[in-house]
Amino acid sequence: MFDFDGLNEIWQTITRNKTRSLLTAFGVFWGIFLLVILSSTGNGFENGLMKQVEGVTPNTGFFFAGATSEPYKGYQKGRQWTMQMADLEAIRETFPCVKAISPEASLWSNEEKNVIYGNRGSSFSVKGVLPEYNQIEKSKILKGRFLNDTDIASNRKVCLLGKKVYETMFEKGENPIGKMVKVNGIYFQVVGVVRSYTENVEVNGSVDESVILPFTTMQQVYAIGDKIHFFALVADDDTPLKSIADDIKQLLKERHDISPTDEEAIESFDLSEIFNTFKGLFFGIHILIWIVGLGTLLSGIIGVSNIMLVTVKERTREIGVRRAIGAKPKNIIGQVLSESLLLTVLAGLVGLCLGVAIMAVVAMITSSMPSDNMMFQDPNMGFKAAVAATVIIIISGLLAGVLPAWRAIQIKAIDAIREE
Amino acid sequence: MMIALKDINKTYFGAQPLHVLKGINLNVEEGEMVSIMGASGSGKSTLLNILGILDNYDTGEYYLNGKLVKDLSENEAADVRNRTIGFIFQSFNLIPFKTAMENVALPLYYQNVSRKKRNELALEYLERFGLKEWADHYPNELSGGQKQRVSMARALVTHPKVILADEPTGALDSKTSAEVMQILREVNQTGITMIIVTHEKGIALRTNKIIHLKDGVIENIETNNPDLIDFNTEIK
């Protein structure tokens with residue numbers, strides 16, 4: 001049915017009324033074009049936002065030790081308590097789904113310049129973490145390495161510098177690795193320079209403006225003792241944090257003689273909830289986009305169908321003559337369906353290609369001005385959606401032809417060639 | 001026997017049932033040239049439609065080329081029309097957006113003949129009717145006589161057994177009518193059975209057998225010798 005010969009036959013009828021075919025095709029073209037532009041733009045914003053939170057693992061929870069709000073086991077309410085490293089070990093053992101867990105502590109200094117190298121000095125925040133912290137808040141390692149287990153095990157006096165710290169303390173191009181930097185009065189050897197993935201998401205101060213120390217070293221050299229006020233953990237992707245957060249809290253409460261009903265003793269914050277909110281938002285936007293796009297497309301298809309009906313009506317005599325000289329019903333159906341299919345597919349593909357081309361230009365323009373704060377990234381509709389759109393075009397082309405084709409085969413040769 | 005009709009009845013069921021054909025019995029031999037005459041309402045168009053398998057009949061039997069034509073499916077009917085019958089219409093019924101050649105080639109398209117082959121055949125037939133130079137012209141660029149010659153070429157291109165012509169000269173002037181009849185006569189002499197519906201005596205007199213139809217029955221069948229007529233004279 002779709003050999004060159006048949007195509008020629010169909011093309012002849014479509015081009016017979018060029019203006020009308022063009023106007024009809026425009027409806028379908030516009031529907032697909034809008035769908036591509038809208039869904040690409042939607043994806044662009046989604047990619048932009050996702051770029052902002054790149055490096056942050058969504059399934060992350062933060063836990064803070066607060067003050068108790070209920071008396072329990074002889075303790076009064078309002079008790080300040082802290083966690084220990086042993087608590088983190090217990091969590092790790094009880095919950096195998098926890099991929100990474102790390103305490104985090106910050107040092108505050110009254111000195112104006114707490115970080116000193118050579119004759120330079122400035123004020124930066126100082127954080128203590130475990131090596132696993134890099135799985136929780138991912139940093140880009142610019143030079144050297146991240147903290148490792150040996151640093152922790154042997155309480156090495158090593159440190160990582162944030163990008164801004166390095167830029168402030170060192171000459172441009174100077175290799176900081178192995179250099180000794182004085183942090184709050186104690187010398188640490190620099191093992192790496194890191195920067196955060198984005199400037200928009202930060203946990204407890206930007207990595208770029210921090211000096212990062214091994215947690216255990218920090219406890220020891222600054223005489224903090226085994227006290228943890230705050231820790232973060234990442235669960236594996238199959239275990240939503242929500243499902244284990246309460247159990248983790250109960251475990252901590254048991255270990256620290258806190259009433260199981262005490263809601264304020266441990267505070268937590270679930271990053272995945274924010275992610276889910278955004279995901280839900282974008283899901284809604286995508287649905288809306290497809291509804292608008294498909295709605296526009298639908299009106300285009302109804303337009304095609306309508307015009308095909310008119311065409312069939314106009315061509316009653318022609319169809320009758322074709323029947324008289326030997327056209328079978330399947331020839332007539334094939335012709336009408338192919339006409340609407342060809343019209344729809346051509347218009348749809350032009351819309352698809354033009355939409356994709358325009359968005360490619362937009363993507364080129366946006367990527368030519370790179371910025372970490374770009375809220376719009378890589379706007380394209382994605383291969384799957386493009387395939388889906390193509391399939392929708394083809395199906396809708398056939399659907400548009402069904403009613404006109406049915407009308408066409410109702411035409412009997414005798415009706416058409418009857419004189420008068 | 002090319003065509004055999006046995007007691008054909010046809011009633012149109014409208015607001016008032018109309019018994020159009022009331023028991024038609026008719027035999028047409030292969031190679032005969034027959035005309036059907038009758039006043040309007042006599043049933044001659046209905047008869048032609050049944051002969052052309054464009055319409056079906058209620059009772060009776062219709063044998064075309066020895067094969068019973070009854071309750072054919074759309075596909076079978078289309079096939080028989082395509083291969084056995086050639087139609088010539090009063091208003092030519094050429095497809096306006098196709099050239100003369102494409103119009104002639106159209107029946108072959110439905111036989112899945114290749115484009116090259118069918119255009120060759122179409123040109124051959126157009127040449128036979130002196131229209132080779134007009135092959136690339138559209139119907140609205142042709143005169144009435146030329147259009148009818150194109151439609152005759154279209155009817156013949158499939159080598160049909162029977163040509164059914166419905167008032168083939170109805171839309172033509174008398175001089176052109178005579179030319180068309182001359183061509184039909186020549187076609188008939190190649191052995192193709194020809195049935196012409198007409199209300200013009202001048203046309204009927206150019207056939208071998210004149211069937212007079214009145215109120216749905218065959219009134220009489222008149223044998224005629226067309227050789228008595230000078231085919232070059234204009235038809236009054």
**OP:** If the plane angle is over 60° it's perpendicular, under 30° parallel, otherwise tilted; pick one for B/Phe89 and B/Phe87.
**Re:** parallel
**OP:** Determine the option with the most heavy-atom pairs under 4.5 angstrom with chain A, choosing from B/Ile95, B/Val80, B/Thr158, B/Asn112.
**Re:** B/Ile95
Original post:
Do B/Lys22 and B/Asp215 meet the salt-bridge criterion of a basic N to acidic O distance under 4.0 Å?
Top reply: no
Subject >> Check: A/Phe26 ring centre within less than 6.0 Å of A/Phe29 ring centre >> reply: yes
Subject >> B/Arg154, part contacting chain A, at a heavy-atom distance under 4.5 Å >> reply: side chain
**OP:** State whether a side-chain donor-acceptor pair under 3.5 Å links A/Thr311 with A/Glu314.
**Re:** no
Original post:
Among B/Glu167, B/Lys98, B/Glu102, which residue forms the greatest number of heavy-atom pairs with chain A at distances under 4.5 Å?
Top reply: B/Lys98
Original post:
Of the listed residues (B/Gly170, B/Pro96, B/Pro107, B/Ser73), which shares the most heavy-atom pairs with chain A below a 4.5 Å separation?
Top reply: B/Pro107
**OP:** Sort B/Glu76 into side chain, backbone, both or neither according to what part of it lies under 4.5 angstrom from a heavy atom of chain A.
**Re:** neither
Original post:
Nearest 0.5 Å, what's the CG-CE distance between B/Asn65 and B/Met2?
Top reply: 4.0 Å
